[in-house]
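Okay, so here's the structure we're looking at.
In this text the structure is predicted, and so the values were computed from the model without any measurement.
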Amino acid sequence: FDPGTSPRTFTIAMREVNELPFLPLLVERLQREAPHVDISVVRIDRPDLEEDLQSGEIDFAFDVGLPLSHDVRRERVTAEPLAVLARKDHPSIQGALPLDSYLTMEHILITGRRRGGGYEDIVLGRLGMSRRIRVRCQHYAAACEMVARSDLLATMARSQAQVSSREGDTQVLLFPLEIPPLEMFLYWHANVDADPGSQWLRAA
């Protein structure tokens with residue numbers, strides 16, 4: 001595998017909401033090192049993920065920690081603290097966000113799943129706490145636009161919040177509770193461990 005000349009296409013499965021922290025850096029490297037390598041991003045199907053990796057239907061997956069067999073390798077790609085996005089002139093926020101205020105306000109949950117909460121809701125639930133999710137949506141751009149036009153809050157990884165606040169209509173606040181960072185992993189099957197192309201992309 002020569003990244004400078006290879007015309008190979010890698011298929012990566014991930015949720016739509018995870019494209020932002022992963023794809024820009026990968027494409028930046030492709031521009032520098034692999035001008036003929038293409039990337040195809042497809043929707044992740046968690047129940048069939050291991051089979052899809054084994055068969056070569058997909059080359060990689062990018063997702064949170066999942067309970068898969070030892071035949072599926074994984075490498076942690078990011079571990080980020082959570083942050084909260086709010087509109088800049090939010091009437092109830094004066095530069096900080098106490099936990100009790102966070103819990104009483106209304107929220108946007110960014111997810112592709114039809115039901116259930118996010119990582120932050122799992123952590124809050126373990127502590128006997130909950131929040132009201134007023135809106136569920138699938139895209140960060142839509143969530144950020146709603147935040148800028150309302151008093152709703154959106155919780156996300158800090159890097160995503162920082163990118164989303166570049167327009168100047170929103171502010172990034174610390175998540176009001178100390179919790180473990182949100183970990184994201186790159187997955188691949190053991191049968192491509194020694195594949196030079198797979199090794200190259202894993203090092204991206």
Side-chain angles (χ1 to χ4, degrees), residues 12-31 39-46 61-65 77-125 129-186:
I12 306 173
M14 68 176 70
R15 295 167 59 212
E16 294 174 359
V17 298
N18 291 328
E19 291 182 353
L20 179 60
F22 181 79
L23 287 180
L25 293 177
L26 176 59
V27 168
E28 186 178 11
R29 186 181 182 202
L30 292 179
Q31 289 287 300
I39 298 295
S40 176
V41 176
V42 299
R43 186 184 298 273
I44 193 168
D45 185 359
R46 286 174 175 167
F62 182 73
D63 207 347
V64 296
V77 177
T78 63
E80 282 198 83
L82 293 182
V84 181
L85 201 67
R87 70 180 173 100
K88 185 155 286 186
D89 54 351
H90 196 293
S92 302
I93 297 175
Q94 307 298 327
L97 182 60
L99 179 59
D100 57 348
S101 297
Y102 178 86
L103 296 175
T104 57
M105 291 181 187
E106 297 180 333
H107 299 261
I108 302 166
L109 175 63
I110 308 154
T111 180
R113 293 181 288 113
R114 296 184 178 185
R115 57 187 62 87
Y119 171 63
E120 58 273 27
D121 297 295
I122 295 172
V123 175
L124 290 171
M129 304 175 187
S130 64
R131 59 181 187 155
R132 184 188 176 195
I133 298 171
R134 181 81 181 273
V135 177
R136 299 173 72 95
C137 72
Q138 300 180 89
H139 296 280
Y140 282 96
C144 296
E145 186 66 18
M146 286 186 279
V147 166
R149 293 170 177 261
S150 71
D151 291 338
L152 300 176
L153 306 180
T155 302
M156 60 190 74
R158 183 173 58 190
S159 64
Q160 292 167 324
Q162 291 170 338
V163 169
S164 301
S165 66
R166 286 177 181 171
E167 296 299 323
D169 296 328
T170 56
Q171 57 180 316
V172 179
L173 303 155
L174 294 175
F175 188 75
L177 190 65
E178 287 192 19
I179 64 175
L182 178 63
E183 295 183 318
M184 300 298 298
F185 295 87
L186 185 69

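- Rounded to the nearest 0.5 angstrom, Ile133 CD1 and His107 NE2 are separated by 8.5 Å.
- When every heavy atom of Ala86 is checked against every heavy atom of Leu173, the shortest pair comes out as CB-CD1, 4.0 Å.
- Between Met14 and Asp63 there is no side-chain heavy-atom pair separated by less than 4.5 Å.
- Closest approach of Glu19 to Pro24, counting heavy atoms only: O-CD, 3.5 Å.
- Annotation for Ala61 and Ile44: closest pair CB-CD1, 4.1 Å, computed over non-hydrogen atoms.
- In terms of modelled atom types and a separation under 3.5 Å, the side chain of Ser101 and the main chain of Leu97 share no donor-acceptor contact.
- Val123 is not listed as a side-chain neighbour of Leu82, based on a closest heavy-atom distance of 4.5 Å or more.
- Within a 6.0 Å radius of CZ in Arg134, other residues, nucleotides and ligands contribute 12 heavy atoms or fewer.
- Side-chain atoms of Ser150 come within 3.5 Å of backbone N or O of Leu152 as a donor-acceptor pair.
- Rounding to the nearest 0.5 angstrom, the gap separating the CG atom in Asp169 from the CZ atom in Arg87 is 10.5 Å.
- Nearest approach of Cys137 to Met146, heavy atoms of both residues: SG-CE, 3.8 Å.
- Scanning all heavy atoms of the two residues, the minimum distance from Val172 to Ala161 falls at CG2-O, 3.5 Å.
- Pro181 and Ala79 make their closest contact through CB-C, 3.8 Å (heavy atoms, listed as atom of the first residue, atom of the second, distance).
- A 6.0 Å sphere centred on CZ of Arg149 holds no more than 12 heavy atoms belonging to other residues, nucleotides or ligands.
- Considering only heavy atoms from C-beta on, Val41 stays 4.5 Å or farther from Phe22 through its side chain.
- With a 4.5 Å cut-off on side-chain heavy atoms, Arg15 and Arg46 count as touching.
- The closest side-chain heavy-atom distance from Gln171 to Ile93 is below 4.5 Å.
- No side-chain heavy atom of Met156 sits under 4.5 Å from any side-chain heavy atom of Val163.
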Run the numbers on Leu103 and Leu124 for side chain to side chain contact (heavy atoms under 4.5 Å, CB included), then give the verdict.
CA-CA 9 Å; Leu103 296 175; Leu124 290 171; 4.2 Å; yes

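- The shortest distance between side-chain heavy atoms of Glu183 and Val64 does not fall below 4.5 Å.
- Exactly one of Thr170, Ile108, Leu153 qualifies for a side chain to side chain contact (heavy atoms under 4.5 Å, CB included) with Leu85. That residue is Thr170.
- Between Asp121 and Arg131, some side-chain heavy-atom pair lies under the 4.5 Å cut-off.
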Before giving the answer on side chain to side chain contact (heavy atoms under 4.5 Å, CB included), spell out for Ile12 and Ile39 the whole-Å C-alpha distance, their side-chain angles and the decisive distance to 0.1 Å.
CA-CA 7 Å; Ile12 306 173; Ile39 298 295; 4.0 Å; yes

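- Here CD of Gln160 is found 12.0 Å from CZ of Arg158. Values are rounded to the nearest 0.5 Å.
- Annotation: ring pair (Phe, Tyr, Trp, His ring centres under 6.0 Å) contacts involving residues 163-183, sequence neighbours excluded, comprise Tyr102-Phe175.
- Around CG of Leu177, the count of heavy atoms belonging to other residues, nucleotides or ligands within 6.0 Å exceeds 12.
- The CZ atom of Arg132 sits 4.5 Å away from the CD atom of Glu106 when rounded to the nearest 0.5 Å.
- The distance from the CD atom of Glu28 to the CG atom of Leu23 is 12.5 Å, given to the nearest 0.5 Å.
- Atom OH of Tyr119 sits about 14.5 Å away from atom CG of Leu109, to the nearest 0.5 Å.
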